[in-house]
Structure formats: structure tokens, C-alpha cells
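Working notes, structure below.
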Amino acid sequence: MKKIILGLLIGGFVMAGASAKTAVVYFSATGTTERMAKNAAQAMGADIIEIQPVHKYTKADLNWRDKKSLTTIECNDPSSRPAIANKIDIAQYDTVVVCYPIWWAYAPKIVYTFIESQNWAGKKLVTLCTSGGSGLGRSGSDLAKFAKGADFKGGKDFTRGSGADVKNYVEGLLK
């Protein structure tokens, strides 16, 4: 009987370690990042969570050539933190992969709102982006500064690439 109980306890500990949960949390204004995030989540067997803005970005809001567009104003204001419409809680996850487009060489300010609203203690953070040309840059390491307590593993631009490519990249970072 003692051997059975000991076996169940050891099995429980092994299963607890094997059941590490991953979430792919994304923000997308045009659908490009959404496609990448959903493909990545499916390939990794991860949960998918969308960051939904209170204010849905219009085509005019996204016009980076207009100095008065909403995204230009947000990106030029370091303290800007647009509101999120949905409640997101990452408490049950060990690893969180945050996906976002690059706006003016950084993550959109709503991603900072998400990062700052969470308890990152003991969590692994990976950042992935889509970009029209500037690449990840310092956006991942910049977000990691605001994810207090997170173990930042790295980030990469996945504008092109499959869900399997993302899975292989993330698994390589987590080894």
C-alpha cells in the first residue's frame, strides 16, 4: 500500500511538472498579428487570448503618416496606456508568449497596458512581433522591463513563418 501511495505522489509531481501551461496573448489591429498568434498557439497547443481595445482602431487611427492619428499620438506619448476591454488573467500560465505588431519601432501602447496589469512573478515571457519592415528591434526587451518579475527569454519577428517555426523557436528558448 505504501508503494502505491508513493507511486501516486511521485506520478503527481511528475505530471505537475509536465503540465506547464502556455498562453499566447496577442494584440492585432489589422489581422496580420492575429493570424500569426493563432497559428503559433495551435502549433504549440497553447491557449490563445486576445487583447481587445476599448477603442477599436480604424484605418484613419492607423495612418502613421498623419501626425494627428490616434496611433501616432499614442506612440509619441511614453505614458499612454489605452484601455483594454476584456479581463485577462495569466495566473494559471507558466509561459506567456506576447504577440504584437510593431508601431514606430515599439509594441503598441495597449500591449504595455496588458504587461503592466499582470503579475509576472515566476513566469517566462517570450515576445513575438509582426512588422512591415523594422523588425523586433528593442521592443521585446523594452516590454520585459515593465513585466516585473518575468524571466524574459527573448523575442523575434515572425511576420513570415509558420506556426511550426514559432513552436520550434519558443521551445528552443525554453530549453
Side-chain angles (χ1 to χ4, degrees), residues 13-29 32-55 57 71 74-131 134-159 161 163 165-175:
F13 289 125
V14 170
M15 289 304 290
S19 67
K21 288 194 72 176
T22 300
V24 173
V25 179
Y26 74 94
F27 168 73
S28 183
T32 302
T33 304
E34 178 179 26
R35 281 187 297 280
M36 182 267 290
K38 286 183 174 180
N39 289 337
Q42 182 177 17
M44 294 187 310
D47 291 343
I48 185 90
I49 303 167
E50 180 182 6
I51 299 170
Q52 299 170 356
V54 167
H55 172 85
Y57 292 89
T71 55
E74 287 177 3
C75 288
N76 286 322
D77 179 1
S79 65
S80 176
R81 296 297 184 267
I84 296 174
N86 56 319
K87 181 174 174 22
I88 301 172
D89 183 5
I90 62 168
Q92 65 179 319
Y93 299 101
D94 303 300
T95 301
V96 179
V97 179
V98 178
C99 304
Y100 51 90
I102 293 293
W103 289 356
W104 293 262
Y106 292 97
K109 297 300 181 167
I110 193 165
V111 178
Y112 288 83
T113 304
F114 162 70
I115 293 287
E116 291 176 343
S117 72
Q118 302 298 314
N119 178 356
W120 290 93
K123 307 228 180 280
K124 295 176 185 96
L125 170 63
V126 175
T127 59
L128 304 177
C129 77
T130 57
S131 171
S134 61
L136 182 75
R138 295 186 327 252
S139 67
S141 58
D142 191 55
L143 283 171
K145 292 176 193 172
F146 293 91
K148 304 292 186 209
D151 179 8
F152 178 56
K153 294 300 192 178
K156 188 173 178 178
D157 179 344
F158 270 100
T159 304
D165 293 334
V166 173
K167 177 184 180 194
N168 292 335
Y169 175 75
V170 172
E171 285 176 352
L173 289 176
L174 298 177
K175 286 184 180 177

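Note: hydrogens, waters and symmetry copies are ignored here, and every other heavy atom, side chains too, is used. This is a predicted model, so every value here is computed, not measured.
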Stepwise side-chain contact (heavy atoms from CB on, under 4.5 Å) check, Trp120 with Val96: CA-CA 9 Å; Trp120 290 93; Val96 179; 3.7 Å; yes
Stepwise, does the side chain to side chain donor-acceptor pair (under 3.5 Å) test hold for Tyr93 with Asp47? CA-CA 9 Å; Tyr93 299 101; Asp47 291 343; 2.7 Å; yes
Shortest non-hydrogen contact from [X] toward [Y]:
X      : Y      : value
Cys129 : Asp157 : O-OD1, 3.4 Å
Val126 : Lys153 : CG2-CB, 4.0 Å
Ala46  : Thr22  : CB-O, 3.3 Å
Val166 : Ala40  : CG1-CB, 3.5 Å
Leu125 : Ala144 : CD2-CA, 4.0 Å
Val24  : Cys99  : CG1-SG, 3.7 Å

Pairwise distance [atom1]([X]) to [atom2]([Y]) - rounded to 0.5 angstrom:
X      : Y      : atom1 : atom2 : result
Leu143 : Arg138 : CG    : CZ    : 12.0 Å
Asn168 : Met44  : CG    : CE    : 11.0 Å
Phe158 : Thr127 : CZ    : OG1   : 11.0 Å
Thr32  : Glu34  : OG1   : CD    : 9.5 Å
Asn76  : Thr71  : CG    : OG1   : 9.5 Å
Lys109 : Ile115 : NZ    : CD1   : 13.0 Å

Exactly one candidate in Trp103, Tyr57, Tyr112 meets side-chain hydrogen bond (donor to acceptor under 3.5 Å, both in side chains) with Glu74; the answer is Tyr57
Run the numbers on Met36 and Tyr26 for side-chain contact (heavy atoms from CB on, under 4.5 Å), then give the verdict. CA-CA 9 Å; Met36 182 267 290; Tyr26 74 94; over 6 Å; no
Using side-chain heavy atoms (C-beta onward) and a distance below 4.5 Å, is Asp142 in contact with Ser139? no
Mark yes when over 12 heavy atoms from residues, nucleotides or ligands other than Glu50 sit less than 6.0 Å from its CD; otherwise mark no. yes
Stepwise side-chain contact (heavy atoms from CB on, under 4.5 Å) check, Phe27 with Val98: CA-CA 8 Å; Phe27 168 73; Val98 178; over 6 Å; no
Please report the C-alpha distance between Tyr100 and Ile51 in whole Å, then the side-chain angles of each, then the deciding distance to 0.1 Å, and finally whether the side-chain contact (heavy atoms from CB on, under 4.5 Å) criterion is met. CA-CA 10 Å; Tyr100 51 90; Ile51 299 170; over 6 Å; no
Mark yes or no for whether Thr113, through its side chain, and Pro82, through its backbone, hold a donor-acceptor pair below 3.5 Å. yes
Could you check whether Thr159 and Ser131, counting side-chain N and O atoms only, form a donor-acceptor pair closer than 3.5 Å? no
